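Counting from 1, the numbers follow the sequence of the chain as shown. Computed from a predicted structure; not experimentally measured.
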Amino acid sequence: HLRARFHNIEHHRAHLASCFFVSPFERAALLSIDGFGDFISTMWATGEGNAIDVLGQVEYPHSTGIVYTATTQFLGFPHYGDEGKVMGLAPYGHPRFIDEFREIIRTEENGQFRLNLDYFRHHSEGVEMTWDHGSPVIGRVYSDAFADLFGTPRAEGTPLTDRERDIAASLQLRLEEIAFHVLNNLHERTGLTDLGLAGGVAYNSVMNGKILLSTPFKRVYVQPAAGDSGTALGVCYQIYNGVLKCERGEVMEGSYTGPQFSNDEVQTALSGLSFETYTDDEVTKRAAHDIAAGLVVGWFQGRMEFGPRALGNRSFLADPRRSDMRELLNRKVKLREWFRPLAPSMTKRARIVQMGRIAIALDRAESVHRRLGGNVETERRFAHGRARRHDDQLGTLKARGHLVQICETARHTGNRFPAPLERFDALHRRPEQLLDAREATTALRLADLEDLLLGFIQQLGRLGASLERLT
């Protein structure tokens, strides 16, 4: 008979474990920040060796995640996970509603914060949640007072106006202010300069990318599956390392833990189609040449990534110098909103990248993981009385702080992803930078090989037709 003991691990303690026990840090400050889990929205702690010591928390009904979800709904993005769309929209606006958001969520002493509950429904009326094909559907979180403050809610699918862009910019700024308030208090209390970060709000890569500039922390480890999926990982490590006191193992330097397929399996799935085979060296050379020629490459290798981001194993790669590439990928391939960000990838040695008039400063990000937004500084130009991001040379980078992947672990994890970047650099003798459509589409996240490859081929076919029409 198999006998087992069950352990009850609280939600945020699982998040904390997921960003500490697999991190490179022997001792670190830790922050878990999300909507809610076990009636707690935020928890901060220190980790040392095999122990995590909780220092403080923010309890129901106060939550940064609730503010972001409520505003996302108000802006006409009703689906679970649409908060990332609002983060992508924010750089196109100005934070002229920042005073309103400072009234909606207020900072308090000792890293605490509180909501003005007049603007929310979850604490008094409750918010219904149903399920649609495995995805949660959350009822309206914002109150009538929220609508009185900002005006009529935007209907889904209607055109975006300056109001929506400015509300998004104000929300993003206030989230950053609250997060840095918590983090600066955590550093002041602990004196530590290494930080582990998890929780759904830790998917906000723009916020993450400013931590090194806005707080005293010098190194940041962000759990690749920072959201609730990562608690499955955290629970295991909390039991193994924290409860059973087993020795900590290898650092989680990548998120490539999903299914993988052999060449034979790929060829079987492609039977009946015309295809060519290449060696590793040939395929990276071909990819670099195709990208340089303005084509889009579907990069499929190794294990699927754990978490919501495609990080080089299930990605579309394209040359960011082509000003219409963002429109092609968003509208024609990924079938999504025009403003959704695309992520540049570069090799570790590319500390400062100059392309056109856009500079991406990465010199302080050497030790971080995959969920950081680079500090993208852009020149502004004015059109119709409002500032717009300059994008003559690099139309795909429209925002300050987009996600940047630094390919620093690939060599010893068997990942070939840096090779096309290096080939591309050799072809043009310029800073290595590839545009990577990182938020994978539904087709790319399927685990079934035939469905996955079929989806990949269909999307590339749509892109080819779009390129022909444009040229």
Side-chain angles (χ1 to χ4, degrees), residues 34-36 41 61-106 113-132 135-178 200-201 203-204 206-207 330-331 335-341 382-389 398-400:
D34 63 12
F36 287 114
S41 74
H62 308 288
S63 164
T64 56
I66 282 291
V67 177
Y68 221 98
T69 295
T71 309
T72 297
Q73 293 177 342
F74 178 84
L75 293 177
F77 302 108
H79 303 294
Y80 184 79
D82 278 354
E83 290 83 358
K85 296 182 180 182
V86 177
M87 183 193 75
L89 180 63
Y92 293 90
H94 302 291
R96 62 184 171 102
F97 297 107
I98 187 59
D99 289 339
E100 286 83 348
F101 277 98
R102 287 171 179 159
E103 169 64 19
I104 288 172
I105 181 168
R106 308 165 184 169
F113 56 84
R114 293 181 63 84
L115 302 185
N116 183 334
L117 295 174
D118 292 341
Y119 297 106
F120 302 95
R121 299 177 60 242
H122 64 286
H123 65 291
S124 57
E125 304 174 46
V127 175
E128 63 278 8
M129 186 174 75
T130 57
W131 294 86
D132 181 19
S135 180
V137 178
I138 301 174
R140 179 165 65 91
V141 178
Y142 63 87
S143 69
D144 292 340
F146 193 99
D148 292 340
L149 183 64
F150 291 112
T152 304
R154 171 182 172 263
E156 183 182 9
T158 59
L160 290 162
T161 68
D162 287 338
R163 183 195 69 155
E164 285 79 52
R165 288 186 279 268
D166 293 348
I167 289 174
S170 306
L171 169 69
Q172 178 66 30
L173 176 59
R174 189 52 178 159
L175 171 67
E176 293 166 7
E177 290 178 343
I178 297 295
V201 176
Y203 281 141
N204 193 297
V206 176
M207 176 193 76
N330 276 335
R331 292 183 185 269
L335 307 178
R336 64 185 192 179
E337 297 86 355
W338 60 269
F339 58 83
R340 298 283 291 278
F382 286 81
H384 306 295
R386 298 185 56 81
R388 303 297 184 206
R389 306 301 193 204
K398 295 283 286 188
R400 187 183 302 262

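Applying the salt bridge (charged side-chain N to carboxylate O under 4.0 Å, His left out) test to pairs two or more places apart or on separate chains, none has a residue in residues 64-78. The salt bridge (charged side-chain N to carboxylate O under 4.0 Å, His left out) analysis of residues 65-85, with sequence neighbours excluded, yields the pairs D82-K85, K85-E337.
At a threshold of 4.5 Å between non-hydrogen side-chain atoms, the residues T64 and F113 count as touching. In this structure, F74 and R140 have side chains that are not in contact, with every pair of non-hydrogen atoms separated by 4.5 Å or more. Within the 4.5 Å cutoff, side-chain heavy atoms of N204 are placed close to those of Y68. In this structure, the side chains of P78 and Q73 stay at 4.5 Å or more apart for every pair of heavy atoms. Side-chain atoms of R336 and R331, non-hydrogen and from C-beta on, never get closer than 4.5 Å to each other. Residues Y142 and T71 form no side-chain contact, since every pair of their non-hydrogen atoms from C-beta on lies 4.5 Å or further apart. Residues L115 and I66 are in side-chain contact: their nearest non-hydrogen atoms beyond the backbone lie under 4.5 Å apart. Using a 4.5 Å heavy-atom cutoff, the side chains of F101 and L173 are not in contact.
Taking both residues in full, the closest heavy atoms of F97 and S170 are given as N-OG, 3.0 Å, listed atom of the first, atom of the second, then distance.
Using modelled atom types and a 3.5 Å distance limit, the side chains of N330 and R340 yield no donor-acceptor pair.
Checked by atom type and distance alone, the side chain of D166 pairs as donor or acceptor with a backbone atom of H94 at under 3.5 Å.
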| After noting the C-alpha distance and the side-chain angles of R102 and D99, does the key distance pass the salt bridge (Lys or Arg N to Asp or Glu O under 4.0 Å) rule? | CA-CA 5 Å; R102 287 171 179 159; D99 289 339; 3.7 Å; yes
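Enclosure of atom CG in D118 by more than 12 non-hydrogen atoms of other residues, nucleotides or ligands within 6.0 angstrom is indicated.
Between F146 and Y119, the angle of the ring planes goes over 60°, which puts this pair in the perpendicular group of the 30/60° scheme.
Here Y80 and W131 keep their ring centres 6.0 angstrom or further from each other.
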